[in-house]
Amino acid sequence: MQTPPQFTDTFVTIERFILEQERNIPDATGVLSDILYDMALAAKLIASHTTRAGLADILGSTGVENVQGEIVQRLDDFAERTIYRLNDHTRRLAVMASEEMEDIIPIPERFGGGKDGKYVLIYDPLDGSSNIDCNVSVGTIFAIYRRKSPIGDCGTLEDCLQPGRNLAAAGYIIYGSSTMMVYSAGQGVNGFTLDPHVGEFLLSHPNIQVPAKSKYYSVNQGYERQWSPGVQRYTRWLQGENETGKGLSMRYIGSLVADFHRNLLDGGVYYYPADIKNPAKPQGKLRLLCEANPLAFLVEQAGGYASDGRRPILDIQPTSLHQRVPLYIGSRDLVEKAEEFIREMDSVPA
Ligand code: P6P
């Protein structure tokens with residue numbers, strides 16, 4: 001019987017895989033590997049709570065509003081604290097930034113103040129957390145850069161405001177029917193599934209590539225009237241108003257990591273367009289630094305593409321920590337088609 005494609009014939013833990021990949025980098029010191037190990041540990045700790053959210057007294061919200069104006073759920077508060085506490089003392093980081101925190105997160109002076117940290121960690125501790133109470137998959141997204149400021153100084157905002165092209169590594173964890181960690185350090189994209197009985201992430205999706213044939217498009221069509229004419233026409237094109245007369249199925253979970261993960265494995269496009277009628281969301285809802293950039297890095301490593309509708313996400317020079325950006329991400333041909341319609345039909349930048 002053929003081995004199912006999602007399983008390999010040898011058990012490779014994420015720790016061993018990270019170590020083997022490190023051996024391919026001549027001047028590697030192991031610091032990036034250690035950060036990736038710690039993200040895998042954070043994933044296990046967070047997963048141990050997401051699977052019990054309905055039972056433990058962790059369900060529901062804190063009643064506190066975050067910098068995005070969203071009510072912080074207890075679970076994303078736990079995820080935030082877990083990632084911070086795993087990384088604040090390791091002397092590997094110059095500085096951190098989180099979707100939940102308004103400003104950069106300095107490394108405490110008692111742990112060196114970030115002066116000897118080589119890397120920068122930017123993360124969304126629990127994306128899609130508004131879905132927690134109805135048991136929909138949620139996810140953690142992370143991006144790792146090399147610092148730009150000199151060793152010996154504390155990390156800075158400029159260390160965080162780097163284009164996605166500079167990423168050293170990026171990944172996400174999806175807490176769903178199983179817990180998976182998917183990451184890339186620039187040598188392709190690999191997926192690891194958590195075996196909760198042994199507490200190990202095992203390689204289950206080696207060398208992920210976006211399929212040539214797409215199955216899905218993912219967008220919240222409830223906002224269709226607020227999109228530009230080019231995006232409205234693009235959506236009809238995806239539905240079958242095209243030379244083939246064939247359309248894609250629509251799948252939209254409303255949890256970015258879950259929608260992205262499905263399209264990465266099955267082929268398709270996720271998009272969150274600019275909202276031309278809502279001054280609160282002129283650039284859409286998603287954040288460049290902790291959502292668009294890390295996923296754009298991953299999708300390009302997997303043969304796909306990510307755009308803001310006019311240019312590659314990875315080429316955008318960030319100007320602020322929480323800046324939002326329209327996002328079109330997934331199969332390259334579908335994302336480039338969105339750019340084509342926007343270029344042809346939307347005179348001003350989307
Ligand atoms: P809407 C979740 O809040 C999130 O940031 C993404 O995970 C998700 O794709 C999007 O927002 C859903 O937004 O406006 O469609 O509910």
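Counting starts at 1 for both ligands and their atoms, in listed order.
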Atom 16 (O) of ligand 1 - nearest protein heavy atom and its distance: Lys285 NZ, 3.9 Å
Does the distance from a Lys or Arg side-chain N to an Asp or Glu carboxylate O, for Arg165 and Glu300, drop under 4.0 Å? yes
Anything under 30° is parallel, anything over 60° is perpendicular, the rest tilted; go ahead and classify Phe192 against Tyr183. parallel
Who's the nearest protein heavy-atom neighbour of atom 2 (C) of ligand 1, and how far? Gly128 CA, 3.7 Å
Candidate pair Glu340 and Arg343, rule salt bridge (charged side-chain N to carboxylate O under 4.0 Å, His left out), full reasoning: CA-CA 5 Å; Glu340 186 183 314; Arg343 192 169 41 247; 5.2 Å; no
Return a yes/no value for Ser130: is any of its N or O atoms, backbone included, closer than 3.5 angstrom to an N or O of ligand 1? no
Between Glu158 and Arg147, is the closest basic N to carboxylate O distance under 4.0 Å? no
Lys/Arg N to Asp/Glu carboxylate O, Arg251 vs Asp266, below 4.0 Å: no
Please state which protein non-hydrogen atom is closest to atom 5 (O) of ligand 1 and give its distance, to 0.1 Å? Asp127 OD1, 3.5 Å
For Tyr271 together with Tyr328, are the ring centres under 6.0 Å from each other? yes
Numbered atoms and elements of ligand 1 in range of Tyr272, under 4.0 angstrom, heavy atoms: 1 (P), 13 (O), 14 (O), 15 (O)
Enumerate the atoms of ligand 1 whose separation from the nearest heavy atom of Arg287 is less than 4.0 angstrom. 5 (O)
Mark up the atoms of ligand 1 that fall under 4.0 Å of a heavy atom belonging to Tyr252, in ascending order. 1 (P), 9 (O), 10 (C), 12 (C), 13 (O), 15 (O)
Looking only at N/O atoms, are Asp259 and ligand 1 under 3.5 Å apart anywhere? no
Examine Leu256 against ligand 1 and note whether any of their N/O atoms are separated by less than 3.5 Å. yes
Shortest non-hydrogen contact from Leu298 toward Val189: O-CG2, 3.3 Å
Show me which atoms of ligand 1 lie under 4.0 Å from any heavy atom of Tyr270. 8 (C), 9 (O)
